[in-house]
Structure formats: structure tokens, C-alpha cells
S.K.: 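I'd like to ask you about the structure that follows.
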Amino acid sequence: MVEEESIRVVHCGGSELNFRRAVFSADSKYIFCVSGDFVKVYSTATEECVHILHGHRNLVTGIQLNPNNPLQLYSCSFDGTIKLWDYLDGILIKTFIVGHKLHALFTLAHAEDSVFVITNKEKPDVFQLVSVKLPKSSSQEIEAKELSFVLDYINQSPKCIAFGNEGEYVAAVRDFYLSVYFFKKKTTSRFTLSSSRNKKHSKNNFTCVACHPKEDCIASGHMDGKIRLWRNFDDDKKYTYTCLHWHHDMVMDLAFSVTGTSLLSGGRECVLVEWRDAAEKNKEFLPRLGSTIEHISVSPAGDLFCTSHSDNKIIVIHRNLDASAVIQGLVKDRSIFTGLMIDPRTKALVLNGKPGHLQFYSLQSDKQLYNLDIIQQEYINDDGLIQIELTKAAFGCYGNWLATVEQRQEKETELELQMKLWMYNKKTQGFVLNTKISMPHDDHITALCFCNAEKSEIPTLVTASKDGYFKVWILTDDSDIYKKAVGWTCDFVGSYHKYQATNCCFSEDGSLLAVSFEEIVTIWDSETWELKCTFCQRAGKIRHLCFGKFTCSKYLLGGTEDGILCCWNLLSCTLEWSTKLNIRVMEPDPYSENFAAVSQSSEGSDLFVFKPSEPRPLYIQKNISREEVQWGVFVPRDVPELFSSEAHQWLNRSQFYFLTKSQSLLTFSTKSPEEKLTPTSKQLLTEESLPTTPFYFILGKHRQQQDEKLNETLENELVQLPLTENIPAVNELLHTPAHVLPSASFLCSMFINSLLLSKETKSAEEIPDDVDMEEEKESDDSDEENDFTEKAQVTSDPGLEEDIIHQLSKSEEKELRKLRKVDYSWIAAL
Amino acid sequence: MAAGGGGSCDPLAPAGVPCAFSPDRQAYFALASTDGHLRVWETANNRLHQEYVPSAHLSGTCTCLAWAPARLQAKESHQRKKRKSEAVGTSDQIDLLALGTAVGSILLYSTVKGELHSKLISGGHDNRINCVQWHEDSGCLYSCSDDKYIVEWNVQTCKVKCKWKGDNSSVTSLCISPDGKMLLSAGRTIKLWVLETKEVYRHFTGHATPVSSLMFTTIRPPNESQPFDGITGLYFLSGAVHDRLLNVWQVRSENKEKSAVMSFTVTDEPVYIDLTLSENKEEPVKLAVVCRDGQVHLFEHILNGHCKKPLTSNCTIQITTPGKGKKSTPKPIPILAAGFCPDKMSLLLVYGNWFQPTIERVALNSKETHMCLVRDISNCWAPKVETAITKVRTPVMNSEAKVLVPGIPGHHAAIRPPPPTKEVETKRKLGGNEVSIEERLGAMDIDTKEEKDDLLQTNSFPVLLTQGLESNDFEMLNKVLQTRNLNLIKKTVLRIPLHAVIPLLQELTKRLQGHPNSAVLMVQWLKCVLTVHASYLSTLPDLVHQLGTLYQLMESRVKTFQKLSHLHGKLILLITQVTASEKTKGMTSPGQKAKLVYEEESSEEESDDEVADKDSDDDWDEDEEQKESEKDEDIDEENEEEDEDAEEKEENGEDRDGASEKELNGDSDLDPENESEEE
């Protein structure tokens, strides 16, 4: 069924979306954001990813709409190129090779053929703003080497640069000063705030800057939460600034609305603040956004805002401060304590999500399903505040039970622990808290495991703790006469010589419980809770402990801190084999005997797949990741694949996912990238064709007419207007019956002359002609009157052209006279 | 995907609302409701993904809908050298949704962009569209209508490719063969067309009423020995309006047989049908039929030739509301649609009202013939806008949840009586040095009687307390236990009969777990009982079991000041012993008391030694035990601390106190020891 390809490591869940400000399309239908090496195009209405623009070979660092064509998008990257995209079709149009690492990109409407980028040329930490001239060429790849330097010693972040008032100046902030460069004057003004020496102003650092779109006004955000509005900065001495202060912590980003009437600011408080009319009292808030606001952007149409958050999400917000959509990636904000789990019910990957939440991430659709609020306390995001952390979670009994452990530790001795046991209520299709246990142990809980044996009637949970005990919790029926209720109670407490309990694991059939106490593994009978035997290898603390499955259920595997992997035979109570392997992750496959172990070495992480019965691995893949692998899990496949080769068989029923230290989720796949792409011919391409509506008939006609007019005026400003109806001579010529016309040779010169008229002379000429016609028709008009109209015509002409008309009038007069003569003569001949 | 027809007054119109799961992974569920709104739901988290109202939703309501085959996007396939990993995006993107309307137009709606993509009108139908079907490969769309025509659309250009008369009456249903070369159409009779030539290939009798659904059930012929031409030997299924039988037909090479091969019987008109294709001969076809009465019938059958008798369902699924109390009876919740998950072992059920349906994945159990799921959808009526935007679900935390705090039974393992072998041992140990319990009880009784004679009865309530404990009279107990007079407590405790000691302790434990204010009072009582009756308590063989809860409670309550209480305990011990010895030097104590003290002390010491000897065998127990014992002392010391002054003033039982302190030491030694043995 599947061709045998080599197994490769592939990326899941995408990169972070909050690296740079998101950009709206001109019609606010799409939102663009950088994500690793790609630019993603999302629909603001449906939150769906419409296109992924791929082509950059390194991190994309900036995106901007092409100011000359709002259907195109520029992007720049660390790979030293600027690319121009057609985002509607997802096509790369052009690549401009700059050659330096580009850190940010800015475009200006009036600077048509150049863009601004932040680069660092010489020293690694000295950044410059340069303008890059993008040469016009039809070729796909163009070298853009024409750089002109604008500002030096600027901050690397694009938030610290802003172009103001239609590109008249650029403002840059760094540390304690604001510098403004005026393009016209080519001067730089620098304004410095009192620096760190003064204690009161010690947190005066600039963090971000934004410029008013219409006025000369610069807003700057500061470390201490103040926003300063700078005015009159074209004068080094008379400049003023006003302060707006609501944020108590650093202002992360600022943005002016399109009209400039309101200023948006956000920070760690997770509150979007809208300052109306730049006044301190006119504030509007959008609170409880969940996590730190990193970036704010405004759509060019002005109807939408969006905020990028530290938990890898983008919130699309309406003008009236209503959140309308959330584009949420895999939450990557915080360290993962719970590890990776699979919810048996939804088959979703479960791990730490938002603070105090468990996130359910669907691997099939690569989308976050939801966050489950475990701690249920309003998250107050503040520096130095010690939060309650969700440290452990486990699913039991086919997803019917969820156990979570949360802890908060302010000082060494002040540990707060809470364990919650949630029952899945089928009636309401949601989790309901069943038992809450405060301080289940006196010290950190190191492991949590349910007994998932099929035959076990009573749900059983084991917690192991650093306090040297492990506790067995069982579900008991403590119904009194009033209410029927089941709750969890402690059934047994075990310990072994005061050693810290580090791991626990139930055997497949649930008859044995293995608990490791530092270096020693103890085996307990789960019926009577008697200590059956102990294993000790004296090879460091046990880090991983797991029973074998199916045919290998007689084996127990343990990985130690000293880099030894041991396999014990439970029947003979002997060590079956051991090997030197520095294991970081060891995970059993739920559907086979296989184990996956990821070992850590100096070069990177290696994967070993093995069966406990054999000390020889089934499959080895070296260097799966350069980073440390922190967690892994086998995810059962919905439909099993059929790999025939032995090396691939371990992927038949499950897929192995792992999470590295930088929180990128990776997995193994055998499909080649080409296979995943269908040729374009196979893609269903449908043309957009919408029928005309009554509105279209009204508006469309109107527009068509306008368009036609425009076209006409553009194409034949000079020729067509006089030709069709405006030249009475021609009219007359055409409308006069042939038999009364003079000979063609006679009329020719006049006709040609009328066509040669220039614009300036036209008016001066036409009118007399007109007048002539009138005369002809009425024939009783006096000469005087005729003169008068001529004069009036001259005065009505725009004054600027007056002398030109005067100049021309001499030559014209002759002509006019000629014409007059001619006219009179041939009409008189009538 | 089958889709029922829209709601109209026509008696021959199919029941149910048009709805369909998206292909492949069934990530979305589209439902066009009778109010003209199209809603797309995410099946995984039951969230409204988008809502679309066509501009002519009142006149041209949606009558049928079909998802386009998945559009495979050019994905993040670029390989990076540095990381040696590549990115896979969302694999195949499902985008277009074709909606047929009552006025004859077809709308193509893009679910990715959330807007109308195109509208197919020109040269198409001029009456109600009954069915739309996408061709898997060619990008064509087929539609049939009440105007008797079948139209083949080129979706790329949005133009009619071909239009032909399909039937003499309206054409109600379409289905494309698995190989994509044939088309089934049905009005009242069923016709099989060759798509290339648009000629009729086969005729089938059909149903008495308009056929509402057509579906191929197999992709391979039953006997694989014969050469397969793509269509001969395949089975297909048809369901009709007002018909409770689903017919299965076989396409045969000879043109003789026109009647159905077999049939399935259901309880009401089928509204939505989904099936798993059988890929080989052995694999049965699984069929889920949603009926108008809101039930789902599941069939599992290997299609193989004729069967005269209509088959009944293997399993029926129903959903009801929970009947709360006696008043409200459970009401059925209608199932709107059911689709098989890719693993073929579970079923996605859509139920509730079409405004806010609930989508649930139900694992199928082949053994059960009837599944009745109880679901509470009352809270689903409120639109969950908040959840829709923030994607946060809040699990229910109500007061019914059990709360376990340290000290409450259940937080720590209950202390069970030690196993019988050890009990024998301890009994022997105790029995060796001591007089029988009866004798001792007798002796104690005499003691108390004598004391009773000595002192006034008005300043103590032993009788009242005993009665209260026996009758478990709450008020009576309150009267006694809520006193703050320490002297009174002491005297009462001194005089209560021994058999009331354990009940008293249990009552005190219960009250200690209650409100902190009452716990403060109970501490006095507890301390008194423990100091006065320590000797009695230490004689009880099952003491650990009986007072286990109290022990755990005390341990957990004083845990935070462990070191302080250790020190305090040690000091108190020293001081009281010193003062006691001084006193014994100074004055002669009543003979009886002195005798008792000496007896107890000597026995204690002996037992202590024994314990120590025994413990030294297993070295690891030792320090743990010591710690434990210290802890235990301190608890008592702690309790004493509060009324130290009072104690010092008290002269009467001073000697006894000193003695009992030592006893207590012994006593507390016993607890952890037993415990550790048990472990």
C-alpha cells in the first residue's frame, strides 16, 4: 500500500504566529502573519488558513503590503531576500536578493520603488535602517544592491521604528532617546529622557514607537508603563510631550487607528487600551485577553484591529472592541510540565496550554480544539507573581477520569498542592469535578498514573511524591442516605526506607504496581498492597519506569539518570539485559510491544525503537533533532497503515510525536513531500463567478459609465472630443447635404486644420466657430456682439494660460480671418 | 454523503434537513436549516465554525448540499537543512460546499474564506434542485432537479457541460459509481447512466415513492475471480420517501433482473444514511440509518446474493433526556445525522435541535442490540458565544464535589487492624507482663468510685457525658463538651467510666474535624483524656485502629510547627518529670496512686525495651519510628501548652500527670510501631 521510503522527521503544529506584527489585507478579509520560514494567510472571518506562502529559506522577519498594489505582499527574511507575493493565489512573484540578514521591513506609499529594512552590516549588535531600491525587471530573481543608509544604532525590533505623516520622517527609539529623521531636510533630531541614574526615572526606557498617520505626533511606549505623545519635534527646543499612564508594566506595543483619532496600547496586563483623542480620561478597555499582548496592528480599512499574544494566538477585534475571531496555534508560552498525553475520547493531544489550562490539540486537523480551564482562577499576569502551575495530568478509564495536580510554591517550605479528580459526565458531555484533595502529599508529586487494566472494576490512581510516599487512591461509594455519590479516598500509603518516590507504573493487567524509589524499584501486589520484590541496579536514580505489553508483559524497563537502560524479568526476578543509553524519553506503544526511547548526546537526539524481549533495537534513527527532546508520546492511528518492511512496522498502528525544548512538535513520516502535494492538475480549481445582483445593475452601470468616461479622457483627450460633436465646422460639413457643398479640395484644408487644433487653442478657436455658426443661423447678429463674446471667452480662460493664448492669437487671428472669409464665402455662395 | 431534502410542504419531499459531514476526517458538519442559514460545525469540539446566510435564503432555501472532495494544498514541504525536519501543514483542506436551492440555482460556498465562491445558474435548472453530487476526480458537479433534467457542471468555468432529461418525473437523487464512470439517478425508477455517452446502461424498478437517497455499498464485486469492468456485480442501496425499507440492488451483467436483491427494514423514513464501504469480500458493510423518528439503526451485513426477508437492524441507538425526579419523564432527543469515523469502530452522532446540535463520538459495541444514551442538552440551548471565541471550556466545579483536606478520613490511608499474626504477637507481649483486662478494669472502677466519693459531684458531669455518648444525644453532649472550664473538664474526664473513653475520643475526633472554633474546645478535652487515660489506652490491643483517624488528624494539624513542637515537647517532658520527682521527694503521695504509677512505669519500661530490641532488627524502621514518636509526644504537649498555668496550679493530680506523661510516651511509641509493621 505504501511505498517504502525512508522515515523522516516532520514538523507539526506550525511555528509561532506572534513573532511579528500581523498585517491586514486592504479589504480586511485576510490577515498575514509570519510563522517560521513561512508567511501564513488567514481569513479573518473563518480563522482558517487560506494559503501558506513558502519560499524563504530562513526565518521570515517582516511582511508589508505592497503600497502600490494592495494585492501583493512583501516579505523579508534572515536569508537576505525580499520576496513579493500574490497572496490571493499564493504565488511568489519576485525575489530581490539583498544579501544581508534582514531584521524588519517597512514600506512607504510615496517611496514607490524602495523599501526600508533593518540590517546589521558589520558588528553583530549594531543595527541600521537602510532603504533598498528595488530594481524593476521582468526576471524572477533580481539583485537589489542599491542600499542607502538612513539611520544607525537603532533597535533591532521593528516596534522601535515608525514612519510618520506619509513618510515625511522616521522615528526610532532606543534605550533613553528618540531620534527623528526628516527625509526632506535630511536632518536628525534626538530627544533624550533622563536616564537611569535618577532612580525615579530608572525605567524610562523606550520600548516601542508609533506615528500619527495625519499629524506630526509621535507616541512612544516606555518600560514603566507610560505612553508619551511628542509634538513639535521638528524644533529641537520647543518640543513638548504629554504623558498617558495606565499600564503598570512595560508598554509592549502601540498603534494609531487609521484616522489617528485613537491610540491603542497593550502590555502584560492582557488588556487592550484604546485612548480616544489622545486624552487620558477617554479610555476604553478590552480586558481578559488571556496573555501578554505582544503586537497590535490595525487594518488599512480601519474596521479591524488585531493583537498578537505571547501564547501564540492572534485575536481579531472589531472597531468597537469586540473580539471576533481567534487564530490559535499550539500554545507555546510556557514550559510543559504535564508532558504529552492522548485523550482517549477525542484522540487529541493534551498538554499544558494557557496558564492554568490544559490544551486539547487535534493532530489530525492540526488545530487547537479547546483549552480546559483546570485552575479556574482569573489569571493575573504580573512580573514576579508566582502562579499556580498545572504540573501533572493523567487520563484514566478510557477518558472517563482526569486527574490533575496543581502547585504553587512561593518559598522553599511553602508548597501548596492540590489534586483534582474530574469525571467525564456523559450527560452533559463535559468534565465535572468529583474530588478535590488539598495537599495529597507533603512534597512535589513526581508521578501520577491510573490503572488502565480492562478488568479492574475500581478505578485506581497512584501518586508518587518526593516526600517518600506513594499513595493509592480508589474510587469508593461513600453514599449516605441523602445523596448517592462516589468519591476518591486514599486506600494505601506505601514507602520504602524514606527514599523519594520517583516513578510509578501499573502493569498491563493491573496486577502489579512498580514504584521506583530513587535507585530502587519496588514491585507491589495491587490486590493486597504487599511489597513483592525490589530491583536495584545501583546505576543512578530511576528516571523512567514502564512495564512491557502483550507478549512482553513479563518485562519491566527502567532508565536511570546515569544512562543505563535496564530490563528486568518479573518471572525470574533477574536482570534480563541492560545497556548504556542516556534516555530522555521512553514511551510504550499502546498497540504493540514496542518502546521508543530518545537518547541525548552532544550532537543531538537519537531515536531507538525496541522490544523489551530483545536487547537489539528494531529501528534506529540518528539525530532526529539538534535540541533536547523533552516529551514524547505514541498516538494511535485511526486507520492502520501497512508497512511491510521491518524497519517501518513500528509505525503501523501508532505514530510517535515528540516535543523538543523549544516546543516544536515533531513526528515521523514516511511520505515524501512530493507525495503529499498533488499536482496542480488534480487540484480542484474553480473560478469565482458570482452573478449580477440588482445592486450590481445599479452600481455597476454607474461605474461602467464612469470608467468609460475615464478611459475616453485618458485615451483621446484631444482628438475624440473635437471630432465627434464639438467642432461645428465638421458638423456642418457632415450634416450639410452634399449637393450644396463646395468642392472637396476646397473644404479639405479647413477640415484638416480643424483636426490639428491644440488644446490651448481649442477653446479660443471653437467658440468663434460656434459664434460663426450662430451667425450663420441667425445671421442678424452684430459684429460688436461677436467681439464681446470673444473677449468674454478670453477672460473666462484660466489666467495662467493667458499669455500663451495671446501668443497664439496672432497666428490664429489670421486663421480665423481666413476661416471667416472662407465661411462667409461659401455660405454666401449659397 | 447523503443529504436529505429541505423542509417544504410537499408531501413527497423527504423529511429532515440537508446536512453532511465533510469528507475524509469528518472535521466539519454542515447543516442547512429551514430558516435558510447554513451553519458549519467543528465535530471535534462541537463549536460553531461559521454561519452563512445566502442572499436569497427565504425564497431559495437550501434543499441539498454536498462537500467538494478535499482540496490538497501545496503544503509546507520545504526541507530545511539546518534542522533536518520539515513541516507538514494541515494536510488536505476541505473547502467548497455546493448548495442546491429551491429555485434551481446552485451555490458554491467557500468554508475557508467564509464567503460565496460562485453561483451556478446559467443554463441550469429552473426548478427545485433535489440532489448535488461532486465527481471525485474530474472536478465536475452533477445536479438533478424537479424539472426532470440532470445537469453536468464544469466547476472550473461555472458553465453547464451537459444537460439531459433524466426521467419523466422529477429526478430526486444521484450517485456516482466508485470508478467514476457511471451515474445512478432516481425518480421513481432508478437508472444507471454511462457518463461518457449519457446513455442508460441499466434500469431498476425503484420505489413507489420518490427515492431520497442512493449509495454504492461496495467497490469490488462479490466474486473476485471474474474480470471486473468497474460496475458489474456492485451493490447499491436506495431509500425513498415514506418508505421504511431500504433496498439493495445489484448491477448485473444480464439485463433481466430489475428487482431488489435484499432490503433492510427500519422504523421510519430514512433521513440520513452513512455506510462504510467494504473493501473486500469478507468485510461486512456497516450501515447507519437515521430515521425520521430520531433513532439510528445500525446494520452489519456481508452482501452476498439474494435475501428475501427484510433484515432488521443489529443495533438501535436512541438518545433521551434524563428524567429529573418523578415529575418529568425522559424525552427522546432526535438524532439528526450519523457518520462512521475512519476507524469504522465509532460513530459520530449529531443530535439535538438543528439550531445548536451536539456532536458526539460514540464507540460502537457490536454486542449490544439497543443503546440508549442519556444526555442532558438543556444547557445547550443558550448560545455559547464566549466559548466560540475564546475556545476555553470550563469544567463544572460544584458543591457536590468531595473535598479532602489533610486529617479528614480518606485523605490518608485508613489504619486497618494489623494482620492477625502480628496481633497474636503483640497480645502475647502485652499479656506476659500484665494482669488480665478484667482485673484491671475492676481496679480502675474502684479507683473512680473512690474518687467519686472524695469529690463533689456538682463540678463534673461524668454521668451526663456517658449518657450522652451512649445515646448519642447531640444536645446533651453539647452541654458537656462546650464548657470552657478546665477544672471541670479535668474532673469530668477523671471520673468517666473507662468504657466511655473510646467513644468519647471518637466523638472528640468527629468534632475536631468540624468548625475550628469548636475544635479549640475539643483540644482541651482531648488533651485531658489522653493524659488521664493514657494508661488505659495503652492497654488496648486495637488502639491504633480505633484512634487512627485522630492520630492522622493530629499529625497533619501540627505538621507546620514540627520542630517547635518537638522542642516544646521535650522541654515539657523534662520539666514535668523534674517537678514530679521533686514532689515525690517532698511529700508522700497516696499509696494507691503511687502503686499504680510504679506498676505502669515498670511495665512501660519493659515494653519499651522490648520494642527497641525488636525494632533494631530492621534498622530502617528505627529513625522513622523515633521521629514519629517524637511527633506524637509533641501533639500532646502542644495541647498541654495552652493551659500550662492551670496545670501547674493544679495540685491534685500532679503526680499522676507526671506519671501519665511517661506512659504517654510509651503509648505513642506504640502507634507508629504498629503502623510501620502494618506497612
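Note on naming: letters A, B, ... go to the chains in the order of the sequence lines (proteins, then strands), and numbering restarts at 1 for each one.
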S.K.: Charged N to carboxylate O under 4.0 angstrom, A:K426 versus B:E360?
M.R.: no
S.K.: Could you tell me whether the side chain of B:R361 reaches within less than 4.5 Å of the side chain of A:K347, counting heavy atoms only?
M.R.: yes
S.K.: Mind ranking A:S362, A:C490, A:S43, A:A45 by heavy-atom pairs under 4.5 Å with chain B and telling me who comes out on top?
M.R.: A:C490
S.K.: Are B:P395 and A:L372 packed together at the side-chain level, in the sense that at least one heavy-atom pair is separated by less than 4.5 angstrom?
M.R.: yes
S.K.: B:H411 side chain to A:T489 main-chain N or O, any donor-acceptor pair under 3.5 Å?
M.R.: no
S.K.: Please answer whether the main-chain N or O of A:L369 pairs with a side-chain N or O of B:N45 as donor and acceptor at a distance below 3.5 Å.
M.R.: yes
S.K.: Among residues at least two apart in sequence or on other chains, which ones pass salt bridge (charged side-chain N to carboxylate O under 4.0 Å, His left out) with B:E136?
M.R.: none
S.K.: Please confirm whether the backbone N or O of A:W488 pairs with a side-chain atom of B:K402, one donor and one acceptor, at under 3.5 Å?
M.R.: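 Checked: pair present.
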S.K.: Heavy-atom pairs under 4.5 Å with chain B - which of A:T435, A:T346, A:L53 has more of them than the others?
M.R.: A:T435
S.K.: A:H441: which residues meet the side chain to side chain donor-acceptor pair (under 3.5 Å) condition with it, sequence neighbours left out?
M.R.: A:T463, A:D467
S.K.: Should B:E42 and A:Y370 count as side-chain neighbours, where that means a heavy-atom distance under 4.5 Å?
M.R.: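 No. Closest side-chain heavy atoms not under 4.5 Å.
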S.K.: Please determine, among A:D442, A:I374, A:T44, A:L289, the option with the most heavy-atom pairs under 4.5 Å with chain B.
M.R.: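 The answer is A:D442.
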S.K.: Can any side-chain N or O of B:H412 pair as donor or acceptor with the backbone N or O of A:P440 at less than 3.5 Å?
M.R.: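 No, B:H412 side chain to A:P440 backbone: no donor-acceptor pair under 3.5 Å.
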S.K.: Under a 3.5 Å distance rule, please check whether A:T46 uses its side chain to pair with a backbone N or O of B:V112 as donor and acceptor.
M.R.: yes
S.K.: Less than 4.5 Å apart, any side-chain heavy atom of A:L433 and any of B:N398?
M.R.: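 They are not in contact (no side-chain heavy atoms under 4.5 Å apart), so the answer is no.
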S.K.: Identify the two heavy atoms, one from A:S438 and one from B:P406, that lie closest to each other, and give their separation to 0.1 Å.
M.R.: O-CD, 3.5 Å
S.K.: Does the side chain of A:H357 come within less than 4.5 Å of B:V392's, by heavy atoms?
M.R.: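 Sidechains of A:H357 and B:V392: in contact.
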S.K.: Taking only Lys NZ, Arg NE, NH1 and NH2, and the carboxylate oxygens of Asp or Glu, determine whether B:K113 and A:E47 approach each other closer than 4.0 Å.
M.R.: no
S.K.: In terms of heavy-atom pairs under 4.5 Å, which option from A:W473, A:Y398, A:F360 contacts chain B the most?
M.R.: A:W473
